[in-house]
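First up is the structure itself, then whatever we jot down about it.
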Amino acid sequence: MLEIQRIRQEKEAILAGLAKRNIDASQTIEAILETDQNWRSAKTQLDQVAAEMNQLARTIGELFKSGQQAEATALKEKTSVLKTQEAELKVQVNAFEESLQALLYTLPNVPNELVVQGREAEDNQNIFEAGTIPQFGFEAQPHWDLAKKYKLIDFELGVKVTGAGFPFYRGKGARLQRALIQFFLDEAIAAGYEEFISPHMVNEASGYGTGQLPDKEGQMYYVKEDDFYLIPTAEVPLTNIYRDVILPDGNFSIKMCGYTPCFRREAGSYGKDVRGLNRLHQFDKVEIVRVEHPDNTAKALDEMLEHVKNLLDKLELPYRILRLCGGDMGFASALTYDFEVYSAAQEKWLEVSSVSRFDTFQANRLKLRFKDDKKTTLCHTLNGSALALPRILASLLENHQTANGIQIPKALQAYTGFSVIE
RNA sequence: GGAGAGUUGGCAGAGUGGUCGAUUGCGGCAGUCUUGAAAACUGUUGAACCGAGAGGUUCCGGGGGUUCGAAUCCCUCACUCUCCGCCA
């Protein structure tokens with residue numbers, strides 16, 4: 001959520017920024033400013049009336065105490081007019097406040113200056129590439145065939161027990177999955193992130209805190225009896241640790257990581273994009289989350305990018321980094337880098353990580369601030385996948401396949417306990 | 001699931017209708033003392049909003065009500081804890 005003070009002060013810059021998302025927010029901004037103006041004027045009146053009421057009540061109290069019943073009763077009569085006024089103003093103030101809030105919720109974050117205007121994936125900027133795309137002397141198979149051939153993943157069994165998008169991993173497939181989780185966590189911990197095992201369900205307030213609510217409830221699984229949401233990412237429980245928190249000073253850098261399963265309804269998706277592991281309703285992910293002083297955000301983002309690069313290097317996967325264009329960025333993000341691994345078998349790039357800075361957008365909703373010379377200032381939040389498992393598993397299988405089996409990257413062998421799947 | 005107790009400032013914990021944004025203790029900060037530290041003592045220490053400022057308003061789990069006046073009384077919802085039951 002954008003800060004109202006910022007909208008008051010930097011209207012033009014915000015409009016220009018949102019234009020990069022192909023959004024013309026001028027009407028919304030005007031409505032916000034008008035509602036804000038109305039709210040402030042009603043609020044000022046309400047405050048005045050309330051002040052008078054308080055004064056009167058005090059006077060009446062003193063009169064009663066000193067036994068001046070008649071005077072007190074006379075004054076009491078005067079309060080009824082003020083009371084009516086106060087009630088009316090309260091209704092107004094609340095109404096303005098609500099519509100202001102609703103309007104503010106509709107505005108996405110303002111893109112960083114590095115972000116270019118664009119509509120879709122093609123407009124994203126390719127800023128980095130590494131690794132070599134493997135050449136096979138045979139016809140490379142997609143991961144769903146490999147998974148079947150080596151009995152690593154059973155999609156049909158998942159359909160039987162739950163439904164599409166809920167696969168079983170079995171045998172070496174399960175082992176590989178567990179190895180990856182352990183590997184990612186160990187790397188994150190070595191990079192200074194504190195590990196958390198979080199709840200896999202969150203309450204409504206947490207959904208609002210990170211921006212899944214309102215509006216995107218359709219993307220989350222919902223447990224009606226208890227009013228809980230299954231987490232779509234560890235970002236939600238980890239970031240919400242700092243909901244309603246004021247850090248004591250500006251000297252902080254909070255680095256958290258956590259492995260969780262992630263649950264996403266993914267309503268409306270179909271076709272080859274969802275084949276195999278490409279898109280699931282339940283998948284595993286190690287997430288890194290940071291809470292930073294605004295001055296440190298750029299550096300933190302760089303560190304996170306380096307961290308993810310390192311993971312992919314160690315997994316010996318060919319990848320590229322895209323800086324997302326305005327139209328392709330998430331609602332809350334100010335700047336997002338996607339990591340994509342090339343799969344020579346599917347002959348396409350698979351998104352395996354998304355690293356973003358949100359600046360104050362999440363912090364404003366979370367009310368996450370720090371004290372700075374008696375002032376309270378909003379913190380910055382960042383997060384990134386490091387990494388999401390299914391597409392990593394897919395690209396490991398596809399890129400490291402040989403005619404006789406699948407080679408496990410060296411860095412992973414200590415975790416899997418085997419070096420080849422045959 | 002049954003029964004009961006509770007929700008107050010960073011924490012602990014008073015406060016049952018009037019000057020209470022709230023006693024006190026701990027913690028934090030500043031100071032006195034000290035070569036320094038500890039101890040002791042003194043002072044200070046919540047947040048949000050409106051306002052150029054002076055100042056004002058709001059917040060004692062959320063919402064509503066009674067009253068001139070509510071942390072305090074009533075209604076309602078949520079959450080937490082304890083005991084019993086069930087259970088990994």
Side-chain angles (χ1 to χ4, degrees), chain A residues 1-9 32-104 197 199-209 213-214 222-229 237 240-252 254 261 291 360 362-379:
Chain A
M1 192 163 62
L2 294 177
E3 298 144 80
I4 184 69
Q5 300 90 325
R6 190 173 162 199
I7 297 178
R8 282 184 208 142
Q9 287 159 16
I32 286 173
L33 289 174
E34 192 190 328
T35 310
D36 178 51
Q37 193 55 54
N38 290 337
W39 173 77
R40 280 197 281 176
S41 102
K43 172 88 164 105
T44 306
Q45 289 179 55
L46 175 62
D47 283 358
Q48 280 166 2
V49 173
E52 272 185 70
M53 288 277 287
N54 288 343
Q55 186 51 49
L56 263 180
R58 240 169 275 149
T59 313
I60 291 170
E62 277 160 23
L63 288 173
F64 272 125
K65 255 189 185 164
S66 57
Q68 296 167 273
Q69 303 288 342
E71 288 85 342
T73 314
L75 268 188
K76 265 183 165 181
E77 316 244 318
K78 277 181 69 179
T79 59
S80 68
V81 181
L82 285 175
K83 249 188 151 176
T84 319
Q85 274 182 26
E86 190 187 32
E88 281 166 5
L89 285 167
K90 225 177 220 167
V91 170
Q92 279 184 36
V93 167
N94 286 342
F96 286 134
E97 222 162 62
E98 260 175 53
S99 42
L100 187 59
Q101 190 72 8
L103 283 166
L104 285 172
I197 295 178
H200 297 166
M201 294 191 204
V202 294
N203 58 27
E204 196 180 28
S206 295
Y208 276 93
L213 300 175
Y222 176 57
V223 182
K224 198 176 163 200
E225 284 73 11
D226 300 286
D227 205 14
F228 290 152
Y229 294 88
N240 271 285
I241 291 172
Y242 287 92
R243 171 155 48 82
D244 293 320
V245 166
I246 299 176
L247 299 165
D249 56 60
N251 187 20
F252 63 92
I254 294 157
V291 178
T360 58
Q362 283 186 330
N364 191 29
R365 281 200 184 187
L366 290 161
K367 297 207 187 73
L368 165 53
R369 294 158 292 179
F370 65 95
K371 267 213 161 100
D372 190 16
D373 281 338
K374 293 194 174 169
K375 266 196 333 200
T376 54
T377 308
L378 290 170
C379 300

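Just so it is clear: chains get the letters A, B, ... in the order the sequence lines come, proteins before strands, and each one is counted from 1.
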Give the rounded distance in Å between these two atoms: CG of A:Asp244 and C1' of B:G61. 12 Å
Quick check: closest heavy atoms across A:Leu378 and A:Phe370, and the distance to 0.1 Å? O-CE2, 3.7 Å
Between B:A54 and B:G43, how many Å separate the two C1' atoms, rounded to a whole number? 26 Å
Note: A:Phe228 and A:Tyr222 closest approach over all heavy atoms is O-CD1, 3.3 Å
Whole-Å distance separating the NZ atom of A:Lys83 from the P atom of B:A70: 9 Å
Residues A:Val202 and A:Ser206: closest non-hydrogen pair is CB-CB, 3.8 Å
State which residues pass side chain to side chain contact (heavy atoms under 4.5 Å, CB included) with A:Asp249; sequence neighbours excluded, sorted by chain then number. A:Asn251
Quantified in whole Å, what is the C1' atom distance between nucleotide B:C84 and nucleotide B:U8? 31 Å
Does a nitrogen or oxygen in the side chain of A:Arg8 sit under 4.0 Å from OP1 or OP2 of B:C50? yes
Let's see if you can work this out: which of B:U57, B:C68, B:A47 has an atom nearest to the side-chain heavy atoms of A:Lys43? B:U57
So does A:Lys371 get a side-chain nitrogen or oxygen closer than 4.0 Å to the phosphate oxygens (OP1/OP2) of B:A47? yes
B:A71 and B:G18: how far apart are their C1' atoms, nearest whole angstrom? 13 Å
In whole angstrom, what separates A:Asn94's CG from B:C49's C1'? 14 Å
Among the nucleotides B:G51, B:A47, B:G56, which one has an atom lying closest to any side-chain atom of A:Arg40? B:G51
Quickly work out the A:Leu75 CG to B:C68 P distance and round it to whole Å. 13 Å
Side chain of A:Trp39, heavy atoms from C-beta onward: which of B:U57, B:C68, B:C49 has the nearest atom to it? B:C49
Verify the contact: side-chain N or O of A:Gln45 to OP1 or OP2 of B:U57, cut-off strictly under 4.0 Å; return yes or no. no
So does A:Arg369 get a side-chain nitrogen or oxygen closer than 4.0 Å to the phosphate oxygens (OP1/OP2) of B:A48? yes
Short side-chain N/O contact to B:A78 OP1/OP2 from A:Asn203, under 4.0 Å: no
Taking pairing as Watson-Crick or G-U wobble with both contacts under 3.5 Å, can you name the mate of B:G21, or confirm there isn't one? none
Tell me the partner of B:A30, counting only Watson-Crick (N1-N3 plus N6-O4 or O6-N4) or G-U wobble (N1-O2 and O6-N3) with both under 3.5 Å; none if nothing fits. B:U42
Ranking A:Lys76 and A:Ile246 by the position along RNA chain B of their nearest nucleotide, the one closer to 5' is A:Ile246
Re B:G4: Watson-Crick or G-U wobble partner, both distances kept under 3.5 Å, found to be B:C81
Regarding the side chain of A:Glu62, the nearest nucleotide among B:U57, B:U19, B:C68 is B:U19
Base paired to B:U67 (Watson-Crick or G-U; both N/O distances under 3.5 angstrom): none
Can you tell me the Watson-Crick or wobble partner of B:A47, both distances under 3.5 angstrom? B:U58
Among B:C68, B:C50, B:U57, which nucleotide sits nearest the side chain of A:Ala51? B:U57
Between B:C20 and B:G69, how far apart are the C1' atoms? Round to whole Å, please. 13 Å
Test side chain to side chain contact (heavy atoms under 4.5 Å, CB included) on A:Gln37 and A:Glu34; report intermediate values, then the result. CA-CA 5 Å; A:Gln37 193 55 54; A:Glu34 192 190 328; 5.6 Å; no
Would a 4.5 Å heavy-atom cut-off, applied to side chains only, mark A:Asp227 and A:Asn203 as touching? no
Give the rounded distance in Å between these two atoms: NZ of A:Lys78 and P of B:G69. 15 Å
Using the P atoms only, state how far B:U23 lies from B:U45, rounded to an integer number of Å. 11 Å
Show your working on side chain to side chain contact (heavy atoms under 4.5 Å, CB included) between A:Gln69 and A:Phe64 and close with a plain yes or no. CA-CA 6 Å; A:Gln69 303 288 342; A:Phe64 272 125; 3.1 Å; yes
Measuring to OP1 and OP2 of B:A48, would you say a side-chain N or O of A:Thr376 lies under 4.0 angstrom away? yes
Calculate the interatomic distance between A:Leu100 atom CG and B:C49 atom P; express it in whole Å. 13 Å
Short side-chain N/O contact to B:G56 OP1/OP2 from A:Asn54, under 4.0 Å: no
Comparing A:Met53 and A:Thr44 on RNA chain B - which has the more 5′ nearest nucleotide: A:Thr44
May I ask which nucleotide in the shown strands pairs with B:A52, Watson-Crick or G-U wobble, both distances under 3.5 Å? none
Whole-Å distance, A:Phe64 CZ to B:G69 P, equals 11 Å
Quote, to the nearest angstrom, the P distance that separates B:G61 from B:G21. 16 Å
Quick one: A:Asp47 CG to B:C59 P, roughly how many Å, whole number? 11 Å
